Amino acid sequence: MCKKLTQLSASTLLFLVFLQMFPKVLASVESRKIHVSVGLVLDMNSWAGKMSLTCISMALSDFYASHDHYKSRVVLHTSDSNSTVVGAAKAAVDLWKNEKVEAIIGPQTSMQANFVINLGETSKVPIISFSATSPSLSSLRSAYFIRTTLSDSYQAKAISSLVQTFRWRAVVPIYVDTEFGEGIVPFLTDALQEVQIRIPYRSVINPLARNNEIIAELYKLMTMQTRIFIVHLPPDLGIRLFSLAKEVGMLAEGYVWIITTGMTNHLSFIHHSAIESPQGVLGVKPHVPRSKKLENFVIRLKRESNVYKSSDIDLNVFGLWAYDTATALAMAVEEVGDINAGSYGEHLSKALSRIRFKGLTGKFSIVGGQLESSSFQIVNMQNNRAKGVGFWTPEKGITKTLKFLHSNSEGKLKSITWPGGATSTPKGWVIPTNGKKLRIGIPVRNGMNAFVNVVRDPSSNITTFTGFCIDVFDSLMEMLPYHVPYEYAPFAKPNGEAAGTYNDLVYQVHLGKYDAVVGDITIRANRSFYADFTQPYIESGIVMVVPIQDKNKKSAWVFLKPLTWDLWVTSAGFFIFIGFLIWVLEHKTNEDFAGSSPQQVGTSFWFSFSIMVFAHREKVVSNIARFVVIVWCFVVLILTQSYTAGLTSMLTIQQLEPTVTDVHELIRKGDNIGYLKGSFIFEFLKQMKFDESNLIECDTLDDFEILFSKDKAHGGIAAVFDEVPNMKLFLANRCSKYTMVTPMLRSEGYGFAFPIGSPLVPDISRAILNFTEGGKIIRAEKEWFGKQNNCPDQSTRVSSNSLGLNSFWGLFLIVAISSSISLIIFTSMICYDHRHQINLSNAKKFWKKFLLLMKCFNNTEEDQNERHHEISTDS
């Protein structure tokens with residue numbers, strides 16, 4: 001018993017000794033840890049600063065709780081920037097000098113970071129910012145500045161893709177006149193220009209602007225056509241802007257507001273009881289994937305943090321980046337370990353660039369000194385909450401979900417509620433009700449009233465505008481799904497004359513004198529540099545118009561015209577050949593082809609040519625000759641019928657042809673050429689190498705006919721060059737005197753000119769397609785040109801070319817083949833019939849046998865029988 005008590009007392013004593021020594025042992029182990037001082041510069045009077053401090057403290061606590069074996073420990077030293085640039089710089093200097101920190105987390109804003117970065121470069125202390133997003137900070141290229149948040153430049157393409165998805169053509173950026181605001185502008189401009197989205201105006205807001213100054217800027221925006229605004233402002237200034245925009249009526253239907261991450265990330269900090277968030281606004285923000293780790297952190301944060309217990313704000317992505325930043329810094333400090341303090345900052349910066357892990361915001365990876373780009377979420381502000389409606393990824397652009405990636409399309413976003421509660425997509429621009437009407441420039445030209453006619457009444461000083469182009473434009477404007485007020489204005493001097501050329505008129509759009517130009521305006525490459533053109537509503541091309549003449553009027557040899565010379569020669573040759581072939585086949589057995597040599601030649605020619613009119617009286621007795629005659633009669637029938645038809649056409653229909661068909665002939669002869677005043681045709685003719693002294697300017701179409709009636713010595717012209725629509729109008733009542741020659745140059749046609757980037761261009765172009773496909777353009781042409789155009793189709797009054805050998809070579813080939821076969825058969829029969837005479841002859845050479853065969857061929861059958869009897873007797 002005593003022994004047991006003794007043992008128990010010893011165990012108890014050892015336990016008591018352990019309890020007494022444990023704190024000292026623990027303190028000894030802790031004292032061997034490497035403590036690294038890290039400064040923290042935050043705006044402690046702001047909700048963002050308080051949230052960030054809480055997240056960083058929790059991150060270090062969570063990290064070391066799960067990594068107790070690590071030899072290093074991060075020790076935080078917090079300093080308040082007092083929400084100023086000077087305060088942030090002073091706090092960073094104090095931390096470096098007094099606390100000897102090896103790194104600084106912060107400051108919060110881009111303007112503050114711009115000053116603190118220089119301090120880090122000088123002191124070799126890494127500056128790690130989880131909230132300074134301005135792209136201009138990257139241009140400082142400091143090896144000691146590490147951005148653990150996304151640069152604002154990353155969201156530029158997401159915004160441009162969003163604008164492109166809804167097919168808006170112009171936007172107005174609204175940004176603050178600070179480092180934060182101006183940093184994104186170059187990247188946003190480039191991204192928008194890549195998809196051909198215009199920026200007609202930039203609204204720059206002073207960070208200290210008063211309400212009346214902001215309202216004045218909003219009223220200025222209301223007078224513009226563009227209704228798409230991209231807002232890149234700090235949260236406080238942005239909320240004030242939207243509050244005033246709602247007051248002046250700019251959060252109503254028809255407006256579109258897109259906010260950048262600078263506001264979207266902070267919308268959750270708004271006290272709902274104090275002010276409402278801008279309803280119907282679209283925004284982009286970094287996409288944070290859901291995870292169990294994130295959900296547990298949010299639950300624990302709201303349960304343990306006094307900041308969240310006393311407010312109705314939610315955690316945002318900057319708090320999550322702050323958490324991941326502290327975690328990455330703790331990992332980097334452990335990797336660096338205990339090294340020479342003089343180079344600690346350099347090693348720490350390099351270690352942070354190598355850190356890779358999956359944090360609360362997803363993949364954490366530093367590339368080029370800043371957080372690697374990721375996808376963005378598209379949100380829509382509804383009921384004071386940001387509702388996700390889609391995503392943007394660098395690979396696929398806009399898509400409804402990240403699981404099923406689709407191509408860019410408005411239909412790939414979820415339903416959106418726009419400002420004013422509208423559910424249909426706004427057009428993005430309007431004609432302001434308090435703005436002026438569109439001023440439409442109209443060309444002034446004498447004698448061209450079918451296209452555009454400008455008439456001014458001197459007594460009432462009222463100008464009326466009529467014509468085909470005016471009617472088409474009025475119809476197109478009525479087809480638009482919205483109302484556009486406009487008024488016509490002549491491009492004329494005070495005396496009523498044209499104020500310049502068509503190039504000058506289109507250039508007035510670029511200068512802003514006119515909002516559009518309507519008329520017979522040709523779409524030209526040089527004009528497209530300072531104006532946008534709609535889809536052409538009339539096809540066009542440059543043609544030459546010359547007088548026409550009857551090419552057979554004084555010809556005594558018109559009967560030769562139906563056939564070309566090669567066909568005449570070939571036909572004559574075959575007539576002779578067929579006559580000779582019939583004589584060869586028939587003269588031995590047919591008495592009609594016998595007689596003296598002159599008689600046989602005459603009979604052969606007579607027989608061949610009499611077949612042409614089927615008047616031959618000679619009989620054909622051999623089957624081979626009959627075969628040849630049948631084939632030849634078939635060919636002759638086709639030839640005679642074709643010739644008769646061609647000659648009849650030439651004798652009964654007026655054979656009209658242009659006086660000139662070759663442009664080079666005009667240049668070589670130095671003939672005078674006419675063109676309309678103010679037209680681009682003058683430059684075209686000079687490019688064609690026409691002498692400028694031979695180019696005669698005409699005011700009206702009627703002037704052309706006057707000049708055509710004169711000779712060259714008195715200023716007459718040989719041809720006119722202009723576009724097809726004008727020349728059709730000129731020929732309307734003159735088709736019996738003039739004709740158009742094949743187009744020399746194709747042009748894009750007539751279109752309406754608008755300022756570059758005008759949102760009216762695509763809408764009117766679509767209206768033109770509907771107008772032309774629906775047949776309305778044809779009815780308009782008939783109304784203005786149909787009554788004047790009494791000319792028949794030129795193809796019905798200008799003859800076709802003479803018939804040539806290429807149309808009949810197949811027939812002659814058949815005749816040649818059939819005749820050759822017949823001659824071969826006949827020759828074989830002769831050789832067979834006279835084989836004994838040839839064999840019994842003493843002639844051994846081939847040519848002597850050939851001459852003997854020809855002699856047998858020339859003899860009649862009676863002579864041949866007598867000769868055969870003599871040879872047999874001698875034998």
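It should be emphasised that the depicted structure is a prediction, and the values quoted were computed from it without experimental measurement.
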Set out, in order, the CA-CA distance, both residues' side-chain angles and the distance that settles side-chain contact (heavy atoms from CB on, under 4.5 Å) for I258 and L162, then state yes or no.
CA-CA 9 Å; I258 301 175; L162 182 61; 4.2 Å; yes

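- With no hydrogens or angles considered, no side-chain donor-acceptor pair links E179 and S110 at under 3.5 Å.
- Scanning both residues, A132 and T149, for their nearest heavy atoms gives O-CG2, 3.6 Å.
- Note that CG of N296 and CG of L301 are 12.5 Å apart. Values are rounded to the nearest 0.5 Å.
- For the pair L53 and L40, the minimum side-chain heavy-atom distance is below 4.5 Å.
- For the residue pair G49 and L42, the shortest heavy atom distance occurs at O-CD1, 3.6 Å.
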Can you give me every donor-acceptor pair (side chain of residues 320-335, partner residue at least two apart or in another chain, under 3.5 Å) with its distance?
| residue | atom | partner | partner atom | Å |
| --- | --- | --- | --- | --- |
| Y323 | OH | D62 | OD2 | 2.8 |
| D324 | OD1 | L360 | N | 2.9 |
| D324 | OD2 | L360 | N | 3.2 |
| D324 | OD2 | T361 | N | 3.1 |
| D324 | OD2 | T361 | OG1 | 2.8 |
| T325 | OG1 | T148 | OG1 | 2.7 |
| T325 | OG1 | W321 | O | 2.6 |
| T327 | OG1 | Y323 | O | 3.0 |
| E334 | OE1 | K71 | N | 3.2 |
| E334 | OE1 | S72 | N | 3.0 |
| E334 | OE1 | S72 | OG | 2.5 |
| E334 | OE2 | K71 | N | 3.4 |
| E335 | OE2 | R354 | NE | 3.0 |
| E335 | OE2 | R354 | NH2 | 2.7 |

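- Checked by atom type, the side-chain pair S37/E99 shows no donor-acceptor distance below 3.5 Å.
- Judged by distance alone, with hydrogens and angles left aside, the side-chain atoms of S61 form no donor-acceptor pair with the main-chain N or O of M58 at under 3.5 Å.
- Between W418 and the options L251, L282, T423, a side chain to side chain contact (heavy atoms under 4.5 Å, CB included) holds for only L282.
- Remark: the backbone N or O of S153 is paired with a side-chain donor or acceptor of S151 at under 3.5 angstrom.
- Closest heavy-atom contact between A422 and E253: CB-CG, 3.7 Å.
- Within a 6.0 Å sphere centred on NZ of K293, heavy atoms belonging to other residues, nucleotides or ligands number more than 12.
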For side-chain contact (heavy atoms from CB on, under 4.5 Å), just list the numbers for V38 and V101, CA-CA rounded to whole Å, side-chain angles, deciding distance to a tenth of an Å, and then say yes or no.
CA-CA 5 Å; V38 174; V101 295; 5.7 Å; no

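- Looking at N316, its side chain does come within 3.5 Å of a backbone N or O of G319 through a donor-acceptor pair.
- A ring-centre distance under 6.0 Å is not found for F376 and Y154.
- Scanning all heavy atoms of the two residues, the minimum distance from S375 to T393 falls at CB-CG2, 3.8 Å.
- For P173 against I199, the heavy-atom pair with the smallest separation is CD-CG2, 3.4 Å.
- Counting heavy atoms from C-beta on, the side chains of L371 and R147 never come closer than 4.5 Å.
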Checking salt bridge (Lys or Arg N to Asp or Glu O under 4.0 Å) for the pair R290/E295: CA distance, chi angles, key distance, verdict?
CA-CA 8 Å; R290 292 185 178 182; E295 293 178 359; 5.8 Å; no

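- A donor-acceptor pair under 3.5 Å is formed between the side chain of S291 and the backbone N or O of L294.
- Between Y175 and V204 there is a side-chain heavy-atom pair separated by less than 4.5 Å.
- A heavy-atom distance below 4.5 Å is not found between the side chains of W429 and W168.
- Side-chain contact of Y344 with K124: a donor-acceptor pair under 3.5 Å is absent, judged by distance alone.
- Counting only heavy atoms from C-beta outward, the side chains of V284 and W392 never approach each other to under 4.5 Å.
- Heavy-atom neighbours of F115 CZ from other residues, nucleotides or ligands within 6.0 Å: at or below the threshold of 12.
- A heavy-atom distance below 4.5 Å is not found between the side chains of S52 and I105.
- Interatomic distance, I146 CD1 to L352 CG, rounded to the nearest 0.5 Å: 4.5 Å.
- If you check the side chains of R198 and S758, you find no donor sitting under 3.5 Å from an acceptor.
- Under a 3.5 Å cut-off, the side chain of N380 and the backbone N or O of T417 do form a donor-acceptor pair.
- Aromatic rings from F242 and W257 are positioned such that their centres are separated by under 6.0 Å.
- Here the side chains of R227 and V256 are not in contact, with every heavy-atom distance at 4.5 Å or above.
- Note that CG of L244 is 11.0 Å distant from CE of M250, once rounded to the nearest 0.5 Å.
- Rounding to the nearest 0.5 Å places CD1 of I104 at 11.5 Å from NE2 of H77.
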Could you go step by step and tell me if R167 and T425 meet the side chain to side chain donor-acceptor pair (under 3.5 Å) rule?
CA-CA 10 Å; R167 300 177 182 176; T425 304; over 6 Å; no

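- The neighbour count for Q196 CD, taken as heavy atoms of other residues, nucleotides or ligands under 6.0 Å away, does not exceed 12.
- With values rounded to the nearest 0.5 angstrom, W96 atom CH2 is found 11.5 Å from D94 atom CG.
- The 12-atom threshold is exceeded at CD of E213, counting heavy atoms of other residues, nucleotides or ligands nearer than 6.0 Å.
- Proximity of a side-chain donor or acceptor of S66 to a complementary backbone N or O of F63 within less than 3.5 Å is detected.
- For the residue pair S365/R356, the side-chain donor-acceptor check at 3.5 Å is satisfied.
- Two residues are said to be in side-chain contact when any heavy atoms from C-beta on lie closer than 4.5 Å; V41 and V116 fail this criterion.
- Formation of a donor-acceptor pair under 3.5 Å by the S161 side chain with backbone atoms of A158 is not found in this model.
- Salt bridge status for R240 with D236: absent, with no side-chain N to carboxylate O gap under 4.0 Å.
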Could you please spell out the steps behind the side-chain contact (heavy atoms from CB on, under 4.5 Å) verdict for I205 and D177?
CA-CA 6 Å; I205 306 296; D177 188 16; over 6 Å; no

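- With sequence neighbours left out, the ring-ring contact (aromatic ring centres under 6.0 Å, His included) criterion links F391 to H287.
- Between the side chain of S243 and the backbone N or O of I239, no donor-acceptor pair lies under 3.5 Å.
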Please lay out, stage by stage, how V231 and M263 fare under the test side-chain contact (heavy atoms from CB on, under 4.5 Å).
CA-CA 8 Å; V231 181; M263 281 197 65; 4.1 Å; yes

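- Interatomic distance, Q279 CD to Q382 CD, rounded to the nearest 0.5 Å: 8.0 Å.
- Contact record, T260 with Q155: CB-OE1, 3.2 Å, taken as the closest heavy-atom pair.
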